[in-house]
Amino acid sequence: MTGASAPHLGIHLLEALRDLGTVETHLVISAAAHRTIEIETGRRPAEVAALADVVHSRGDIAATIASGSFPTLGMVVVPCSMKTLAGIAHGFSSDLITRAADVVLKERRPLVLVARETPLSLVHLRNMVAVTEAGAVVLPPMPAFYQRPRGIEDILAHLTGKVLDQFGIAHDLFPRWAGVPASTERPASTERPASAEQGALV
């Protein structure tokens with residue numbers, strides 16, 4: 001977890017993985033993330049850390065996840081700040097988060113970056129292209145409304161589910177799109193199309 005706004009995204013993912021109980025979670029919280037957790041959620045970073053199976057210090061370059069010989073399913077940075085995105089895009093491993101991401105890329109494992117910023121500058125976009133070309137997936141936390149969310153929890157569940165999908169982790173966090181029921185389809189229009197002379201616009 002990095003210091004971008006919306007630490008709720010990372011917390012919800014940790015809670016979902018804990019409830020599933022199918023994978024072991026390793027967590028690194030950046031210094032800035034400690035602050036955003038306190039400011040935006042009112043929770044203590046220690047409470048969030050307790051949701052993970054293993055917690056690593058952000059400065060511990062000797063941690064297991066700093067080595068490619070330690071097998072993992074991959075890595076997700078959620079939320080991912082533009083600073084961390086830039087570090088990953090250019091191979092600048094200044095802490096355990098960027099080092100672990102570098103390891104995941106070089107070992108050709110899935111790396112998902114839940115990039116949180118708006119609007120995006122040209123620098124941000126170019127860094128996103130760079131990490132995508134390197135093999136990462138940029139997954140901005142964009143809410144979907146086809147499942148008609150009833151609140152923030154539904155939106156968080158959908159975003160968490162989209163992350164889990166990238167790793168092939170089975171879940172039932174949101175309803176899958178199954179097409180539009182016939183009863184809700186609009187009937188075909190019976191109006192005559194406007195002629196070219198009338199200035200038809202499509």
Side-chain angles (χ1 to χ4, degrees), residues 1-18 23-68 70 72-107 109-121 123-128 130-132 134-142 152 156 159-160 163-164 166-167:
M1 294 179 65
T2 68
S5 183
H8 312 71
L9 299 167
I11 294 171
H12 194 278
L13 177 60
L14 285 169
E15 290 174 338
L17 287 168
R18 178 198 59 190
V23 297
E24 181 179 270
T25 55
H26 288 243
L27 175 66
V28 185
I29 303 177
S30 73
H34 276 77
R35 287 294 289 147
T36 54
I37 288 170
E38 294 170 341
I39 293 169
E40 297 188 12
T41 73
R43 302 174 70 168
R44 294 182 297 108
E47 293 178 57
V48 176
L51 297 171
D53 295 309
V54 182
V55 180
H56 301 283
S57 169
R58 58 186 177 275
D60 185 9
I61 59 170
T64 53
I65 58 175
S67 172
F70 183 72
T72 67
L73 295 175
M75 177 178 178
V76 55
V77 184
V78 54
C80 181
S81 67
M82 292 299 105
K83 175 184 176 181
T84 299
L85 174 69
I88 296 170
H90 299 283
F92 186 68
S93 301
S94 59
D95 59 15
L96 183 56
I97 294 176
T98 47
R99 168 56 187 170
D102 191 48
V103 165
V104 168
L105 287 178
K106 77 180 182 70
E107 298 295 331
R109 298 168 186 162
L111 173 63
V112 176
L113 307 178
V114 183
R116 174 66 177 78
E117 186 60 276
T118 190
L120 297 169
S121 74
V123 172
H124 301 152
L125 292 170
R126 284 176 172 163
N127 285 337
M128 288 181 181
V131 295
T132 301
V137 171
V138 178
L139 197 157
M142 297 180 179
I152 293 177
L156 289 172
L159 294 169
T160 292
V163 170
L164 295 181
Q166 293 297 313
F167 297 93

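Starting from 1, each residue takes its place in the sequence as its number.
In summary, E38 and R35 engage in a salt bridge, as defined by a charged side-chain N under 4.0 Å from a carboxylate O.
For S81 (side chain) and G3 (main-chain N/O), no donor-acceptor pair under 3.5 Å exists by modelled atom type. With R18 contributing its side chain and T25 its backbone, the two residues share no donor-acceptor pair below 3.5 Å. Between the side chain of S67 and the backbone N or O of T64 there is no donor-acceptor pair closer than 3.5 Å. Panel note: side chain T160, backbone L156; a donor-acceptor pair is recorded below 3.5 Å.
The two residues R58 and V28 make their nearest non-hydrogen contact at CA-CG1, 3.7 Å. The two atoms that bring T2 and T36 nearest to each other are O-OG1, 4.3 Å, heavy atoms only. When every heavy atom of V103 is checked against every heavy atom of A66, the shortest pair comes out as CG2-O, 3.3 Å. The two atoms that bring A49 and V55 nearest to each other are O-CG2, 3.4 Å, heavy atoms only. E107 and G68 get closest at one heavy-atom pair: OE2-CA, 3.6 Å. Of all the heavy atoms in A4 and P79, the pair that sits closest is O-CG, 3.5 Å.
Summarising the geometry, atom CG belonging to L111 is positioned 6.5 Å from atom CE belonging to M75; distances are rounded to the nearest 0.5 Å. Interatomic distance, R116 CZ to L85 CG, rounded to the nearest 0.5 Å: 14.0 Å. Distance OG1/T98 to NZ/K83: 9.0 Å, rounded to 0.5 Å. The CG atom of L113 sits 5.0 Å away from the CD1 atom of I88 when rounded to the nearest 0.5 Å. For the atom pair L14 CG and L27 CG, the distance stands at 5.5 Å (nearest 0.5 Å). Taken to the nearest 0.5 Å, the CE atom of M128 stands 8.5 Å off from the CD atom of E117.
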query = Yes or no on side chain to side chain contact (heavy atoms under 4.5 Å, CB included) for S30 and I97, after CA distance, side-chain angles and deciding distance?
reply = CA-CA 8 Å; S30 73; I97 294 176; 4.0 Å; yes
request  = Give the C-alpha distance, both sets of side-chain angles, the deciding distance and a yes or no for side chain to side chain contact (heavy atoms under 4.5 Å, CB included) between V23 and L73.
outcome  = CA-CA 9 Å; V23 297; L73 295 175; 3.5 Å; yes
key: side chain to side chain contact (heavy atoms under 4.5 Å, CB included) evaluation trace for V48 with M1   = CA-CA 10 Å; V48 176; M1 294 179 65; 3.9 Å; yes
task = Would you please test R43 and I11 for side chain to side chain contact (heavy atoms under 4.5 Å, CB included) and show each step?
result = CA-CA 10 Å; R43 302 174 70 168; I11 294 171; 3.3 Å; yes
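Results of the side-chain contact (heavy atoms from CB on, under 4.5 Å) test with V112 over V77, L139, L164 single out L139 as the only residue that passes.
Counting non-hydrogen atoms of other residues, nucleotides and ligands closer than 6.0 Å to CZ of F92 gives a total of 12 or fewer. By the neighbour-count criterion of 12 heavy atoms within 6.0 Å, atom CG of L125 is densely surrounded, having more than that number from other residues, nucleotides or ligands. Sparse packing is recorded around CD1 of I61, with 12 or fewer heavy atoms of other residues, nucleotides or ligands lying under 6.0 Å away.
Counting only residues at least two apart or on different chains, the salt bridge (Lys or Arg N to Asp or Glu O under 4.0 Å) pairs with a member in residues 92-105 are R99-D102. Applying the salt bridge (Lys or Arg N to Asp or Glu O under 4.0 Å) test to pairs two or more places apart or on separate chains, none has a residue in residues 1-14.
Two residues are said to be in side-chain contact when any heavy atoms from C-beta on lie closer than 4.5 Å; P45 and H34 meet this criterion. With a 4.5 Å cut-off on side-chain heavy atoms, V114 and V163 count as touching.
Using cut-offs of 30° and 60° for the angle between ring planes, the H56 and H26 rings count as parallel.
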